[in-house]
Amino acid sequence: CSNNFICGGNQEIIPLNKKCDGIVHCGDKSDECNKDCGKEIINVFLLKVAAWMIGLLSIISNTTILYEHAKSLQKCKSINSLTNELLILLIGVGDFLMGIYLLSLAVVDSLIFKSDYCSKQFTWLTSPYCSTLGVVSTFASQLSLFALTALSLFRAAGISSTKTTSGPITFRNFSKTGLLLLSLVMISTVISIVPLFPCFRDFFVNGIVYDKSVRIFQGQIGKERHLHVIQSYYGRLTKKLLKWTVIESLVKGMFSSDYGDNKKSSRVDFFGNDGVCLFKYFVTRKDPQWIFPVAILIINLFCVAVVAVSYIYINIRTLKTSKDLTMASGPTARMVHKRNQRLQRRIAMIITTDFLCWVPFVTICLLHFSEITNATFMYVLFSIVILPINSVINPLLYSSMIRTFIKRLKKKCVKSCRRFGKQDGSTFGQETGFELQNVPSRTSKSETINDNMDENQIEIKPAPVER
């Protein structure tokens with residue numbers, strides 16, 4: 001019948017509307033694993049490429065950050081400069097781990113499972129490797145965001161301080177900095193591993209996957225399905241008393257030893273909600289763990305707001321303190337003006353990237369929580385592009401080596417284009433109607449001094465914070 005779907009081997013028949021509905025109904029999974037709806041961890045080719053590219057760029061660029069700022073620790077003479085360098089190192093560690101997560105996910109998708117992922121989906125979702133990736137990605141994103149928030153507050157406090165110089169590196173000052181860094185690491189660690197604690201199993205386990213010999217349970221089975229089957233077998237049962245340990249014991253008692261090896265079952269934990277093994281951000285009130293993800297989202301949104309306010313304050317104070325210098329004339333005024341412009345661009349990039357990373361994501365999560373839309377299918381997009389994008393952009397903001405490399409590369413490209421234009425000037429003029437001419441440069445003595453002057457030679461109190 002055209003309204004039914006015949007499972008592989010012609011053993012089972014299910015309604016056609018249950019085909020490709022995301023729930024396994026056939027024992028051989030043929031209703032989900034077929035040419036019409038068979039899936040991979042990353043289905044879209046562009047997202048596969050993005051996972052490889054963003055992962056590699058993140059690892060390479062943040063390795064540069066770690067090397068550059070670890071090397072500069074030896075040059076720190078004050079506790080403020082040391083704290084600044086250590087917080088940037090912490091951001092680099094978080095972004096580096098995010099690159100490791102993306103690259104590992106790309107390897108699992110493209111080199112290990114490939115198109116066989118559908119038939120082995122629950123093997124992956126219940127594996128310790130998926131849980132490990134989930135912990136790494138959560139720890140990386142939280143550590144980077146918390147360190148960025150602490151850095152913005154530290155810089156805002158430094159620029160508002162009336163002290164002209166910071167304190168020396170003493171044991172007491174270093175202990176305070178170390179306690180701050182340890183707190184950020186510990187909070188990020190707790191957030192990432194709490195869902196795996198056995199004592200919180202009833203809150204964070206999504207379901208159980210049984211051996212294929214247990215025919216009444218196909219695919220990932222949640223508490224609702226368990227309750228229905230167990231009530232049919234045992235009679236009335238209170239849902240509040242239905243813990244996962246009780247469920248496993250009751251299911252085991254439903255079968256005799258002659259039935260087969262029905263003891264084989266695996267739990268799908270908090271990070272196994274999707275093949276990308278991401279923190280379960282998309283929850284509804286029906287999920288027992290909904291309070292935890294919603295609380296983390298609110299904390300993250302608050303951190304983004306703190307970063308934005310802090311850097312806006314830094315920009316206002318910097319413009320105010322350098323107002324007298326910029327109103328004057330001469331190379332010093334021009335240098336200060338250029339430095340302020342660079343600072344404004346960098347601050348705008350920090351605020352914009354954080355906004356584009358977290359605000360749309362939190363909005364989608366809240367819409368999903370309110371059941372206005374089902375955003376489950378967006379896990380892959382957010383885990384590969386939206387959340388990790390800061391791990392690639394942050395090195396551009398905090399690494400002078402990378403910025404210098406980009407500037408030199410840009411100059412070489414400009415020179416190459418000009419050289420090409422001079423060689424083909426006549427052809428260009430004939431084709432476009434324009435004529436290329438060599439215009440002699442007129443550089444005054446003051447402009448030459450301005451170009452060769454190092455912006456670090458200009459001192460403003462309080463000094464604007466810029467890395």
Side-chain angles (χ1 to χ4, degrees), residues 65 69 72 75-92 144-169 173 176-177 180-181 183-184 300-359 390 393-400 403 450 453-467:
I65 275 215
H69 289 277
S72 63
K75 303 177 182 179
C76 295
K77 300 294 180 65
S78 65
I79 191 61
N80 282 0
S81 61
L82 180 64
T83 304
N84 186 78
E85 295 294 330
L86 289 174
L87 285 172
I88 293 176
L89 277 174
L90 216 56
I91 295 173
S144 180
L145 181 60
F146 289 159
L148 184 62
T149 305
L151 180 64
S152 64
L153 287 173
F154 175 75
R155 289 178 166 181
I159 202 171
S160 63
S161 176
T162 56
K163 296 181 180 180
T164 56
T165 58
S166 62
I169 302 176
N173 290 336
K176 292 180 180 179
T177 300
L180 170 63
L181 301 179
S183 300
L184 298 178
N300 291 348
L301 192 60
F302 175 76
C303 290
V304 172
V306 169
V307 171
V309 172
S310 298
Y311 278 109
I312 290 173
Y313 172 76
I314 290 172
N315 184 43
I316 293 174
R317 284 298 299 266
T318 302
L319 294 178
K320 186 176 180 180
T321 54
S322 60
K323 183 177 180 181
D324 293 337
L325 289 176
T326 54
M327 291 181 65
S329 59
T332 301
R334 286 194 293 271
M335 178 60 73
V336 173
H337 180 67
K338 287 183 178 180
R339 185 180 59 183
N340 288 345
Q341 287 183 327
R342 285 195 296 270
L343 179 63
Q344 289 173 340
R345 287 195 297 267
R346 202 161 299 156
I347 288 175
M349 184 174 291
I350 291 173
I351 296 174
T352 302
T353 53
D354 283 338
F355 180 89
L356 294 178
C357 175
W358 284 105
V359 174
N390 273 351
I393 296 177
N394 283 337
L396 300 177
L397 302 173
Y398 300 108
S399 174
S400 58
R403 292 199 301 270
N450 180 46
M453 185 177 295
D454 186 0
E455 65 178 41
N456 294 325
Q457 296 174 358
I458 301 175
E459 186 176 5
I460 301 174
K461 300 296 182 182
V465 181
E466 180 180 3
R467 284 295 306 176

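Residues: numbered from 1 along the sequence shown. Just so you know, these numbers use all the heavy atoms, side chains as well, and skip hydrogens, waters and symmetry mates.
- A pairwise comparison of heavy atoms in Leu87 and Ala147 identifies O-CB, 4.0 Å as the closest pair.
- Once rounded to the nearest 0.5 Å, the distance linking CD1 of Ile88 with CG of Leu90 reads 11.0 Å.
- A pairwise comparison of heavy atoms in Phe154 and Asn84 identifies CE2-N, 4.0 Å as the closest pair.
- Each of Leu89, Leu86, Thr83 was checked for a side-chain contact (heavy atoms from CB on, under 4.5 Å) with Leu181, and the lone residue meeting it is Leu86.
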Evaluation steps, side-chain contact (heavy atoms from CB on, under 4.5 Å), between Leu301 and Val359: CA-CA 7 Å; Leu301 192 60; Val359 174; 4.1 Å; yes
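- Taken to the nearest 0.5 Å, the CG atom of Asn394 stands 6.5 Å off from the OG1 atom of Thr353.
- Nearest approach of Ile91 to Ser144, heavy atoms of both residues: CG2-OG, 3.9 Å.
- With sequence neighbours excluded, the residues satisfying side chain to side chain contact (heavy atoms under 4.5 Å, CB included) with Asn300 are Gln142, Leu145, Phe146, Ile296, Trp358.
- Contact of the Ile159 side chain with the Tyr313 side chain is registered, since non-hydrogen atoms from C-beta on lie closer than 4.5 Å.
- The side-chain hydrogen bond (donor to acceptor under 3.5 Å, both in side chains) test applied to Ser152 returns no partner, not counting sequence neighbours.
- Nearest heavy-atom pair, Ile169 versus Ile79, reported as atom, atom and distance to 0.1 Å: CG1-N, 3.7 Å.
- Formation of a donor-acceptor pair under 3.5 Å by the Ser72 side chain with backbone atoms of His69 is found in this model.
- Residues Ile312 and Ile316 meet the side-chain proximity criterion, which asks for heavy atoms closer than 4.5 Å.
- Here the CD1 atom belonging to Ile350 is positioned 11.0 Å from the CG atom belonging to Leu396, to the nearest 0.5 angstrom.
- The shortest distance between side-chain heavy atoms of Tyr311 and Leu151 falls below 4.5 Å.
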Test side-chain contact (heavy atoms from CB on, under 4.5 Å) applied to Asn173 and Leu82, step by step: CA-CA 10 Å; Asn173 290 336; Leu82 180 64; over 6 Å; no
